[in-house]
Enquirer: 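I'd like to ask you about the structure that follows.
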Amino acid sequence: MNKIIELKKVNKWFDKFQALKDVSLEVNQQEKIVICGPSGSGKSTLIRCINRLEEHQDGTIIVDGNEISENTKDIEKIRAEVGMVFQQFNLFPHLSILDNCTLAPIWVKKFPKKKAEEIAMKNLERVQIADQAKKFPGQLSGGQQQRCALARALCMEPKIMLFDEPTSALDPEMIKEVLDAMVDLAKAGMTMIVVTHEMGFAKEVADNMIFMDEGRIVEKAKTKDFFANPKSDRTKLFLSQIL
Amino acid sequence: MNINILKPKKENLTNYIVLGGFFIFIALLDLLTNVFFNWNFTGFLPAKFSYFTPLIFGTLGLYLIRIEFSGNKLLDKINVNFNSSNFNAILTLLVTFALIKFVPPLLNWFIFDANFLGNTKEDCTGSGACWVFVKVWLNRFVYGMYPDAEQWRINTAFFILFMAVGASFFASTKYKKYLIIFLLFIYPIIGFKLISGGDFGLKFVETGAWGGLSLTFIVSAFSLILCFPVGMLLALGRRSNLPAIRYTSIGFIELWRGVPLITVLFMSAVMFPMFLPDGTYVDKLIRVLIAITLFEAAYMAEVIRGGLQALPKGQYEAAKSLGMGYWRMHFLIILPQALKLVIPGIANTFLALVKDTPLIFVVGLLELAGMVNLAKTNPKWLGMAMEGYVFAGLVFWVICYSMSRYSQNLEKKLSTER
């Protein structure tokens, strides 16, 4: 298996608060990893460091063969290969759903408009909101918006997808439609790192589970083992509360 | 039972309406005879009391007709909108009285007692406004000292401008692009050459002769178009991560915001040439245009920065995560949203700019208000200040109000919320 993401002893501080402590992690191509843990444990910070929305101060992060640091030129090129879905969707409210999906392919990947629109429609079809293409984000439900955000990321044809609590801001009824789209994506063989509390989803798609607490990776295990016999007490406590 | 008589109610509706109407009639009669015939029929009462009689009778009358759910639609409407409580009744009366007292004299001055015919001051015999003054000087008010025979050039320049602007509203997006490029980059050169002349067999007209309303338009249009991009860059600069750019922007903005426009104009005219090497000469109008542009750009920068700050961080992150660099992120995602948010603020700055143009009189350039100022000191037309300034005020109001309406339309058009 090819390693596509590699983190070695990554440390990250927000002023005096240390958000990540010696985090090391390897992700293979097509691997699906679910990260869980209490709030403030550094899960989001970890995946945001992978496309450098946050800067780490110590350690190395290598994404698809490129080291990410302040010296990285063309950080945009790496970001273009790493799709991200946010908790708050972050769709562009001044653009229609279709334009949300075609904007970056046209301006960053330099696709001709027609090709970009074809790709966009294909991906909107995939998340089942092709009929909403002409509408604006404000006219869609939360679940539809999040699926559009997923489609928007997919239009860049990324090698890796990062999910930062994609269902936490949704009504319970809409969580399923988003998770279904993500399961579908996982089955298609995408490399995924997902921060979520949806343990049902984790059991279904994750190859490996990671449990984080206070900026450290407390436990990393195969999904089956993680749920069947967690090793650390902290993990046991967390699982007993969340399941 | 006696108390109930004082409380208007539905059973005696007609009685109360007649009684209330009578009181209101007396109140209005008192006021009208006072205003138009100078006769106070309540004068036999003590002076302090008779002064308030219209108000007292009016309030009493309105109180008597304040009957809820009377069944009479007109009465209900009046009661809900103008007469819902004693306080509102008094406000209604005061506003009505003020209108009766002040509107007729104004109309008299503007129209009924005004003079429109004739060519000299002596033709103005009425007690109202002397619009002959404006009529005679209209040419100067619009074109300044620009030679009469060459005025078609100004007309042509503005005609092209309005046609291009109008076309860019109705054209499809495909042609809009070219029209905007034409307006921003090619038209200013054409317009300037056409008006200043000197080439293509056109007689040269020095900028000192430009003036009047056309100069107002020229100064406003150039500064509006130029201050916008400069302000945008300053706003971005002030939020930049690079200290050199950030502090330069802050310094620039705070410097220009801290100085009155009139001093800036004065410096551009008097002090700026001292820094230039001998023999170089920059036209006075161009210096003024640059001064106003930079001055307004500083304000524009702060308005736009307000919009940038209002955008959630997620928009920046989403743009970055899609691989957009600084300029793409700002021009495709951030600025379109930020500018839409601050349209009212931008309109505000633009209106202030248009209304600041008369200040260019300090360097000897006379736009509309300046020309009025000049005309009223003409020995043949002394005492016409009121007419001149009212005219200038009206013209400015029309310009500013149409800009304001346009900005409101733009807001509606760009709104993507539901």
Side-chain angles (χ1 to χ4, degrees), chain A residues 44 47-48 50-55 70 73-97 99-110 134-140 145 148-149 152-158 160-164 169, chain B residues 172-178 232 235-236 239-245 304 306-346 407 409-418:
Chain A
S44 293
I47 65 167
R48 286 160 64 86
I50 292 173
N51 67 353
R52 209 168 167 75
L53 288 180
E54 303 285 357
E55 299 170 10
E70 64 261 40
K73 286 176 195 159
D74 290 344
I75 184 72
E76 286 86 27
K77 252 186 198 156
I78 299 170
R79 281 183 182 146
E81 289 180 5
V82 182
M84 182 144 185
V85 175
F86 299 86
Q87 183 178 356
Q88 299 295 342
F89 328 140
N90 294 341
L91 292 177
F92 305 131
H94 61 302
L95 298 173
S96 71
I97 297 301
D99 289 340
N100 261 281
C101 293
T102 56
L103 190 73
I106 290 174
W107 288 91
V108 178
K109 292 206 133 186
K110 307 285 178 200
K134 293 277 176 256
K135 288 192 186 166
F136 283 91
Q139 296 166 310
L140 265 56
Q145 288 193 48
C148 170
R152 178 179 70 179
L154 291 178
C155 286
M156 291 295 285
E157 302 178 331
I160 305 158
M161 282 294 296
L162 307 174
F163 294 83
D164 188 359
Chain B
S172 62
T173 26
K174 201 170 146 196
Y175 296 106
K176 218 174 217 169
K177 207 165 51 188
Y178 300 110
M232 213 154 72
L236 292 179
R239 287 165 59 83
S240 166
N241 290 325
L242 308 171
I245 294 179
I304 295 176
L308 292 175
Q309 262 164 357
L311 283 192
K313 214 171 123 213
Q315 292 292 313
Y316 292 87
E317 289 177 351
K320 279 184 194 166
S321 80
L322 289 168
M324 294 186 194
Y326 182 86
W327 293 110
R328 283 197 194 116
M329 173 170 80
H330 276 96
F331 277 104
L332 297 173
I333 307 296
I334 305 302
L335 282 172
Q337 294 183 62
L339 294 179
K340 196 173 84 182
L341 278 175
V342 294
I343 287 175
I346 293 175
S407 89
N409 280 345
L410 204 62
E411 252 175 90
K412 260 187 218 138
K413 208 172 99 184
L414 295 178
S415 165
T416 55
E417 273 145 43
R418 275 158 218 280

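Residue numbering restarts at 1 for every chain, and letters A, B, ... go by the order of the sequence lines.
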Enquirer: Give, as side chain, backbone, both or neither, the part of A/Leu91 having an atom under 4.5 angstrom from any heavy atom of chain B.
Expert: backbone

Enquirer: Within a reach of under 6.0 Å around NZ of A/Lys134, are more than 12 heavy atoms found that belong to other residues, nucleotides or ligands?
Expert: no

Enquirer: Please report the closest heavy-atom contact between A/Gln87 and A/Ala169, naming both atoms and the distance.
Expert: O-CB, 3.5 Å

Enquirer: A/Phe92 versus chain B, heavy atoms under 4.5 Å apart: side chain, backbone, both or neither?
Expert: both

Enquirer: For the interface with chain A, which of B/Pro312, B/Ala318, B/Pro336, B/Gly325 has the highest count of heavy-atom pairs at distances below 4.5 Å?
Expert: B/Ala318

Enquirer: Checking heavy atoms, do the side chain of A/Val108, its backbone, both or neither come under 4.5 Å from chain B?
Expert: both

Enquirer: Can a donor-acceptor pair be found, under 3.5 Å and without considering hydrogens, that links the side chain of A/Gln139 to the backbone of A/Phe136?
Expert: yes

Enquirer: Sort A/Arg48 into side chain, backbone, both or neither according to what part of it lies under 4.5 angstrom from a heavy atom of chain B.
Expert: side chain

Enquirer: Any carboxylate oxygen within less than 4.0 angstrom of a Lys/Arg side-chain nitrogen, looking at B/Arg328 and A/Glu76?
Expert: no

Enquirer: For the side-chain contact (heavy atoms from CB on, under 4.5 Å) test, which of B/Met329, B/Lys340, B/Met232 pairs with B/Leu335?
Expert: B/Met232

